[in-house]
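Proteins get letters first, then strands, A, B, ... in listed order; numbering begins at 1 in each. Hydrogens, waters and symmetry mates play no part in the numbers below; they use all other heavy atoms, side chains included.
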There are 4 protein chains.
Amino acid sequence: MAATTDDRLRLLIERVERLEEEKKGIADDIRDVYAEAKAVGYDAKIMRQIVRLRKMKPDDRAEMEAILDTYKAALGLG
Amino acid sequence: MAATTDDRLRLLIERVERLEEEKKGIADDIRDVYAEAKAVGYDAKIMRQIVRLRKMKPDDRAEMEAILDTYKAALGLG
Amino acid sequence: MAATTDDRLRLLIERVERLEEEKKGIADDIRDVYAEAKAVGYDAKIMRQIVRLRKMKPDDRAEMEAILDTYKAALGLG
Amino acid sequence: MAATTDDRLRLLIERVERLEEEKKGIADDIRDVYAEAKAVGYDAKIMRQIVRLRKMKPDDRAEMEAILDTYKAALGLG
DNA sequence: GGGGCAACAAG
DNA sequence: CTTGTTGCCCC
């Protein structure tokens, strides 16, 4: 009988749905923080860039800067 | 003096970072559920479609499926 | 001397950039077609689904649709 | 009669499909250039970063650098 | 409300 | 790691 199988699928689906709801809630919280930041004069777009930069490992940031130099040198850019 | 401003920025950034960590944790949980489903024989890709369909309002879903059928008929996609 | 090396790099980079420009041009064309379709009453989102379905091999598509129906039945998604 | 409508949809779909094929062809060409670059000793990953950097408008790059300074100052990073 | 853009998920 | 999809923000 298929009911057991069906229930297993349903349970898995419902777990996913619950988790996605939680995830959406957090995404909304993040949005709220940016809205609050904007309300006190910060630029949300720039804040996002900062968050991205802070997420990088220091070595990676250093490498990125080195690449920038390499590219400038090899391509003749100031 | 800028310290107050800087702290306010830092606090906002750190709130975002904390929330993003939580969000990532949940995304990982979702991935785990799909992995578990796959391990017992379900097709994760199709499960995702189901989740998407269940997220829609019934009327919207019915309408979408009707349009899809219309287009399939028009293109000879039996 | 590094000039030869630099030029070789520059040439490769420029070839990539030219190709990426072309690619972007075509992506814009695709966008235009969907916009035109929308203007005469078609649903672009569903058209994209059709394009995806037509890309699949008929057998694969049939199988996918069969599984999808099975899951829908199991979840009571009429 | 629906045949005209159907043909219009089919024509639009086929235009999209043709364009997507072209796009894929160019993507393949790009891949080939990177493969060739790798074969003569360049690092494809770094080349991609260079391409990305060159894609930015100089002003944006300058702004990005300013943002980097701002973030370092406000967040106390070296 | 639409179009462009950036994050997210899929392959 | 790259591409396609989706949701968000600005216009």
Between [atom2] of [N] and [atom1] of [X], the distance in whole Å:
X: C/Met47; N: F/dG4; atom1: CE; atom2: C1'; answer: 16 Å
X: A/Ile30; N: F/dG7; atom1: CD1; atom2: P; answer: 16 Å
X: C/Ile46; N: F/dT5; atom1: CD1; atom2: C1'; answer: 15 Å
X: C/Gln49; N: F/dT6; atom1: CD; atom2: P; answer: 8 Å
X: D/Ile26; N: F/dT3; atom1: CD1; atom2: C1'; answer: 15 Å

| said: Heavy atoms only, 4.0 Å cut-off, all strands: where does C/Lys45 land among base, sugar-phosphate and nothing? | reply: sugar-phosphate

| task | Describe the nucleic acid contact of A/Lys24 in one word from base, sugar-phosphate, nothing, applying a heavy-atom distance below 4.0 Å. | result | nothing

| query | What distance separates B/Arg54 CZ from A/Ile13 CD1, expressed to the nearest 0.5 Å? | reply | 6.5 Å

Please list each protein N or O that sits under 3.5 Å from an N or O in nucleotides 9-11 of chain F, with the distance.
residue	atom	partner	partner atom	Å
F/dC10	OP1	A/Lys38	NZ	3.3

| Can you list every side-chain hydrogen bond (donor to acceptor under 3.5 Å, both in side chains) pair that touches residues 36-52 of chain D, not counting sequence neighbours? | C/Arg15-D/Glu36

| message | Using OP1 and OP2 only, check whether a side-chain N or O of B/Arg52 sits under 4.0 Å from F/dT6. | response | no

| field | Presence of salt bridge, D/Lys72 and D/Asp69, under 4.0 angstrom | value | no

| said: Any carboxylate oxygen within less than 4.0 angstrom of a Lys/Arg side-chain nitrogen, looking at A/Lys24 and A/Glu20? | reply: no

| Which atom of B/Leu12 lies closest to which atom of A/Val33, heavy atoms considered | O-CG1, 3.8 Å

| remark: Heavy atoms of A/Ile26 and B/Leu19 approach each other most closely as CG2-O, 3.3 Å

| Are A/Arg18 and A/Glu14 close enough, and set up right, to give a salt bridge (charged side-chain N to carboxylate O under 4.0 Å, His left out), and what steps lead you there? | CA-CA 6 Å; A/Arg18 238 176 335 261; A/Glu14 285 171 356; 5.1 Å; no

| request: Show your working on side chain to side chain contact (heavy atoms under 4.5 Å, CB included) between D/Thr70 and D/Leu75 and close with a plain yes or no. | output: CA-CA 8 Å; D/Thr70 303; D/Leu75 283 302; over 6 Å; no

| field | Opening and closing nucleotides of DNA chain E in contact with chain B, under 4.0 Å to non-hydrogen atoms | value | E/dC8 to E/dG11

